> 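The structure is given below, and queries will be raised subsequently.
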Amino acid sequence: MGRGKVEIQKIENDTNRQVTYSKRRNGIFKKAHELTVLCDARVSILMLSGNKKLHEYISPTTTTKRMIDDYQKALGIDLWTTHYDRMQEELRKLKEVNNNLRKEMRQILGHDLSDLRFAELHNLEQMIESSVDSVRQRKYHVLKTQTDTHRKKVKALEHRYSDLLLESGATYEDLQYGLGEDIEGDYDSAITNLSNHNGASAIYALRLNPIDHDLSSEGHFLPDLSLN
């Protein structure tokens, strides 16, 4: 029983289409190699898949460039010359544009003005004035932005300075009045540390209880508690 005839039409499934392409591409390349070996032919095959991937087969006895050269000779055409002429024309246009731009730049700088007519000079003057206005506006914008930024930094530093003044004032008050608190453990520990630090002299602390503050006013004798 023979194989059924396969209908030639585009395979819609992407996976099936890619598998079929790979199988048939390998088959064509195999046939091309057989032609090269059996018939001493020079075969060149270029294939582009649906995703623009290039596949090529070239007989071992030749190269792609030689095949293209032989193709041009057989048909009597010159693809390289045509392509070269197109490139030369494109280069000529680019050079012309470049020369015009250079000439405009020199004229903006005040050079090569002798060949310009009144209307051209007037247009050049307006273009320069417009450019100067744009540059000046941009300069003022940058200057304003920098000024605002510096003002914000100065204001932040002023706030920070005020906060530091408040913090330093609170710390000074804590140091000034902190010893008045009745915290015997911390007080005794501080006195001991100060007394033993580098052989320093002993520190004597004298305190009066709050109920004895008016003894002198009642005629009681208060001994001299000063230390020499």
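All values derive from a computational prediction rather than experimental measurement. Counting begins at 1 with the first residue of the sequence.
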> Using a side-chain heavy atom cutoff under 4.5 Å and only I, L, V, M, F, W and Y, what cluster partners does Leu113 have?
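Ile108, Leu116, Leu121, Leu124, Met127, Ile128, Val132, all in the cluster of Leu113.
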> So, do Arg102 and Asn98 sit near enough that their side-chain heavy atoms are less than 4.5 Å apart?
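They are in side-chain contact.
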> Quick check: do Gln107 and Glu120 have side-chain heavy atoms less than 4.5 Å from each other?
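No; the side chains remain at least 4.5 Å from each other.
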> Taking everything shown except Asp163 itself, do over 12 heavy atoms lie less than 6.0 Å from its CG?
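Enclosed: over 12 neighbouring heavy atoms sit under 6.0 Å from CG of Asp163.
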> Show me, pair by pair, the donor-acceptor contacts under 3.5 angstrom made by side chains of residues 66-74, not counting sequence neighbours?
unit_1 : atom_1 : unit_2 : atom_2 : d
Asp69  : OD1    : Trp80  : NE1    : 3.1
Asp69  : OD2    : Lys65  : NZ     : 3.0
Asp70  : OD2    : Arg42  : NH1    : 3.0
Asp70  : OD2    : Arg42  : NH2    : 3.2
Gln72  : OE1    : Leu79  : N      : 2.2
Gln72  : OE1    : Trp80  : N      : 3.3

> Taking the side chain as everything from C-beta on, heavy atoms only, tell me whether Ser44 gets closer than 4.5 Å to Thr62.
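No, side chains not in contact.
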> Yes or no on side chain to side chain contact (heavy atoms under 4.5 Å, CB included) for Gln146 and Thr149, after CA distance, side-chain angles and deciding distance?
CA-CA 5 Å; Gln146 293 179 349; Thr149 301; 5.6 Å; no
> Assess the residue pair Leu91 and Met87 against the criterion (side chain to side chain contact (heavy atoms under 4.5 Å, CB included)); give the C-alpha distance rounded to whole Å, side-chain angles, the decisive distance to 0.1 Å, and a yes or no.
CA-CA 6 Å; Leu91 179 61; Met87 293 180 62; over 6 Å; no
> Quick one: list whatever passes side chain to side chain contact (heavy atoms under 4.5 Å, CB included) with Asn26, sequence neighbours left out.
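For Asn26 there are no side chain to side chain contact (heavy atoms under 4.5 Å, CB included) partners, ignoring immediate neighbours.
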> What pairs with Gln9 under side chain to side chain contact (heavy atoms under 4.5 Å, CB included), at least two apart in sequence or on another chain?
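Applying side chain to side chain contact (heavy atoms under 4.5 Å, CB included) to Gln9 gives Glu7.
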> What residues join Met47 in its hydrophobic cluster, counting side-chain heavy atom gaps under 4.5 Å, either direct or through other members?
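Result for Met47 is Tyr21, Ile28, Phe29, Leu35, Val43, Ile45, Tyr57.
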> Would you check if Arg92 and Gln88 make a side-chain contact, meaning some heavy-atom pair closer than 4.5 Å?
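Heavy-atom side-chain distance check fails, nothing below 4.5 Å.
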> If I take atom CD1 from residue Ile58 and atom OG1 from residue Thr61, how far apart are they, to the nearest 0.5 angstrom?
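The OG1 atom of Thr61 is 8.0 Å from CD1 of Ile58, to the nearest 0.5 Å.
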> Can you measure from CZ (Arg136) to CG (Leu143) and round to the nearest 0.5 angstrom?
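Answer rounded to 0.5 Å: 13.5 Å.
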> May I ask you to decide if Leu165's main-chain N or O and Ser168's side chain share a donor-acceptor pair within less than 3.5 Å?
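Yes.
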> Would you please name every residue forming a side chain to side chain contact (heavy atoms under 4.5 Å, CB included) with Asp148, sequence neighbours left out?
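Asp148 satisfies side chain to side chain contact (heavy atoms under 4.5 Å, CB included) with Lys144, Arg151 only.
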> Under a 3.5 Å distance rule, please check whether Arg106 uses its side chain to pair with a backbone N or O of His111 as donor and acceptor.
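Answer holds: no.
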> Using side chain to side chain contact (heavy atoms under 4.5 Å, CB included), reason through Arg17 and Asn13 one step at a time and then give a plain yes or no.
CA-CA 6 Å; Arg17 184 168 61 249; Asn13 184 274; over 6 Å; no
> So Lys93 and Glu89, do their side chains get closer than 4.5 Å, heavy atoms only?
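Glu89 reaches Lys93 side chain to side chain.
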> Quick one: do the Gln126 and His122 side chains pair a donor with an acceptor below 3.5 Å?
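Gln126 vs His122: donor-acceptor pair found between side chains.
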